[in-house]
Asks: 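Structure incoming, see below.
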Amino acid sequence: MPTILVVEDEAKMARLLELSLQDEGLTTLIAGDAETGLRLLNREPIDLVLTDLKLPGMDGLEFLQAIKRANAEIPVVVMTAYGTVETAVEAMKAGASDYVLKPFSLDEMKLIIRKELDFRRLRQENRSLREALGRRYAFGNIVARSPKMQEVLATVERVAPTNATVLLGGESGVGKDLIARAIHQHSRRSSGPFIKINATAIPENLLESELFGYEKGAFTGAVVAKPGKFELADRGTLFLDEIGDVPLAIQVKLLRVLQEREFERLGGTRTLKVDVRLVAATNRDLRAALEQGSFREDLYYRLNVVPIDIPPLRDHKEDIPDLVDHFIRRFAPESGKAVTGITPAALKVLLGFHWPGNVRELENVIQRAIALSSGPVLDVPDIRLDLALATRRPAPGVESAVTSGFFPPNGMTLEQYEEEIIREALRRANGNKSQAARLLGLSRNALRYRLSKMGVADETDDNPSSAGDRAS
Ligand SMILES: Nc1ncnc2c1ncn2[C@@H]1O[C@H](COP(=O)(O)OP(=O)(O)OP(=O)(O)O)[C@@H](O)[C@H]1O
Ligand SMILES: [Mg+2]
């Protein structure tokens, strides 16, 4: 039975929390101040701390920092008064798992505690799973041989059965939709609805009514009442695509639904309660949006309970051969062609490309190749990469996108182009960094610096065979 430490100086409030948590089958310990709280934490096994931010003596924020120094893993939920959201956000930055604004409903509090306990258990299980040897994650329609994608699936598998809000990040075409659906399918809600709404596809003035619905007469043209996506998603999953594009006015309303699980239809007075699991996705850097003030911090922290970042295809090219097979098996039957495979040379062209449009682009290229192919095996002439580059190539089987042309191919930024050149140099040098640096006319340190910027770990150092090289 999980044990919760409640730190609250108001005796009445503390008692109320104690009773309702016990109701939930949780063991509770009560402390009237942070100092007592810390003593209890040292003595007892505690699974979660629920603390007021305003406390006599050491305040809640210091208390939180002290807990995190001692044990970063223990979830801490903070309680704070309305009108002090900034403090709540401070607390989230200092490592709080979530917050509730006073006065709160006990239901909301229980929901948050359940979610945090679920997530804590999940993290523990995840660790033991990863330790268990060679476990591989497999989902029917998702190709994920690479360690990077395996990690994505590991998180999906563990998080799916909980109700935790998930924030999917990644460039366009990396598979955010696919992963959102997988989360739903592997959840206890899989027999319920999966409802998707895309914030960019809907004009701002309609987005609100799409999300929350409207009553008859709410505005001109509202001749009948209409339920919103939140209502439609009851007992299921709501997938909020392109969350970074939701206007601020609607962000406030989303925050309220996340906090209280209730809302009203436009023009309505009835308060509706829903049981919805939220999965959000963005291909923008939400942290930058936070800094610009176009995205609310409190909403960000609510959404970002479990972040899953899906890597761009160029960072897991090992998956390309499987993806190609997967798409051939999917598209050959519907195109009526008996295509069964791809030649090594054609595969090499695909492996050399930088895939700015990620898996979706690869999917399109294969679909087109099948349409063009004349034999049972896709070959180099069937592969039409979107960028003019491919057709400019003098001969098939060229090593990489960088080997022909002089300018960055369309759709590629200078930075991506530079990265591609560096990767190409490393390939030509068989991973030997000194040799790659020489090819690029860079010092070893300059190359190291660029590699670290690209997120290429430094321990993947030169081949042992190049030990002599290293001394130079
Ligand atoms: N790992 C994968 N295995 C198999 N198919 C994949 C994989 N990743 C993506 N796909 C396929 O690639 C296409 C694009 O994926 P998806 O629509 O999920 O991308 P997205 O990240 O949502 O893109 P956007 O940001 O443009 O909305 C889909 O047809 C999807 O089925
Ligand atoms: Mg998508």
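Ligands are counted one by one from 1 in listed order, and the atoms in each one are counted from 1 as well. All values below come from the heavy atoms of this structure, side chains included, with hydrogens, waters and symmetry mates left out.
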Asks: Of the listed options (Asp241, Asp177, Val174, Asp319), which comes nearest to atom 22 (O) of ligand 1 when hydrogens are ignored and any heavy atom counts?
Replies: Asp177
Asks: Among Asp177, Val279, Asn283, which residue meets the side-chain contact (heavy atoms from CB on, under 4.5 Å) test with Asp241?
Replies: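 Answer after filtering Asp177, Val279, Asn283: Asp177.
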Asks: Verify, without hydrogens or angle tests, whether Gln251 (side chain) and Ser294 (backbone) share a donor-acceptor contact under 3.5 angstrom.
Replies: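 Confirmed, Gln251 side chain pairs with Ser294 backbone.
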Asks: With Leu240 as reference, evaluate Thr282, Asn198, Leu211, Leu168 under the side-chain contact (heavy atoms from CB on, under 4.5 Å) test and give the passing residue.
Replies: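 With Leu240 as partner, side-chain contact (heavy atoms from CB on, under 4.5 Å) holds for just one option, Leu211.
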Asks: Counting distance only, does the side-chain N/O of Trp355 pair as donor-acceptor with the main-chain N or O of Leu350 below 3.5 Å?
Replies: yes
Asks: Note the single closest protein heavy atom to atom 25 (O) of ligand 1, along with its residue, its atom name and the distance in Å.
Replies: Lys176 NZ, 2.6 Å
Asks: Of the listed options (Gly173, Gly175, Ala180), which comes nearest to atom 18 (O) of ligand 1 when hydrogens are ignored and any heavy atom counts?
Replies: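 Looking at heavy atoms only, Gly175 sits closest to atom 18 (O) of ligand 1.
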Asks: Any heavy atom of Ala144 closer to ligand 1 than 4.0 angstrom?
Replies: no
Asks: What is the nearest protein non-hydrogen atom to atom 26 (O) of ligand 1, stated with its residue, atom name and distance?
Replies: Ser172 OG, 2.6 Å
Asks: What protein N/O/S atoms are found closer than 2.8 Å to the Mg ion (ligand 2)?
Replies: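 For the Mg ion (ligand 2), the protein N, O and S atoms that sit under 2.8 Å away are Asp177 OD1.
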Asks: Nearest protein heavy-atom contact for atom 31 (O) of ligand 1: which residue, which atom, what distance?
Replies: Leu178 CD1, 3.8 Å
Asks: Give the atoms of ligand 1, by number and element, whose distance to some non-hydrogen atom of Leu323 is under 4.0 Å.
Replies: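 Answer for ligand 1: 2 (C), 3 (N), 4 (C).
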Asks: To which protein heavy atom is atom 17 (O) of ligand 1 closest, and what is the distance rounded to 0.1 Å?
Replies: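 Result for atom 17 (O) of ligand 1: Arg360 NH2, 3.0 Å.
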Asks: Are Lys148 and Glu318 close enough for a salt bridge, meaning some N to O gap below 4.0 Å?
Replies: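 Between Glu318 and Lys148 there is no salt bridge, as every charged N stays at least 4.0 Å from the carboxylate O atoms.
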Asks: Closest non-hydrogen protein atom to atom 28 (C) of ligand 1, residue and atom name please, with distance?
Replies: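 Result for atom 28 (C) of ligand 1: Glu363 OE1, 3.3 Å.
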Asks: Do side-chain atoms of Arg188 reach the backbone of Pro161 as a donor and acceptor pair under 3.5 angstrom?
Replies: yes
Asks: For Ile142, counting its heavy atoms only, list the atoms of ligand 1 lying under 4.0 Å from any of them.
Replies: 1 (N), 3 (N)
Asks: Between Arg302 and Thr165, is there a donor-acceptor pair closer than 3.5 Å when you use the side chain of the first and the backbone of the second?
Replies: no
Asks: I want to know whether His184 and Phe239 have ring centres closer than 6.0 Å.
Replies: no
Asks: Would the distance check show the side chain of Asn432 and the main-chain N or O of Ser434 forming a donor-acceptor pair, the cut-off being under 3.5 Å?
Replies: yes
Asks: Check Glu210 with Lys226, please: is the shortest side-chain N to carboxylate O separation under 4.0 Å?
Replies: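 Looking at Glu210 together with Lys226, the answer is yes, because their closest N to O distance falls below 4.0 Å.
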Asks: If you count heavy atoms of other groups shown closer than 6.0 angstrom to NZ of Lys196, is the number above 12?
Replies: yes
Asks: Evaluate the side-chain proximity of Leu167 to Ile243: yes if any heavy-atom separation is below 4.5 Å, no if none is.
Replies: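 Yes. Closest side-chain heavy atoms under 4.5 Å.
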Asks: What's the shortest distance from atom 1 (N) of ligand 1 to any protein heavy atom, and which residue and atom give it?
Replies: Val143 O, 2.9 Å
Asks: Have a look at ligand 1 and work out which part of Asn141, if any, has a heavy atom under 4.0 Å from it: side chain, backbone, both or neither.
Replies: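 It is the backbone that gets close, since no side chain atom is under 4.0 Å.
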Asks: Do me a favour and list the nearest non-hydrogen protein atom to atom 9 (C) of ligand 1 with residue, atom name and distance?
Replies: Val359 CG1, 3.3 Å
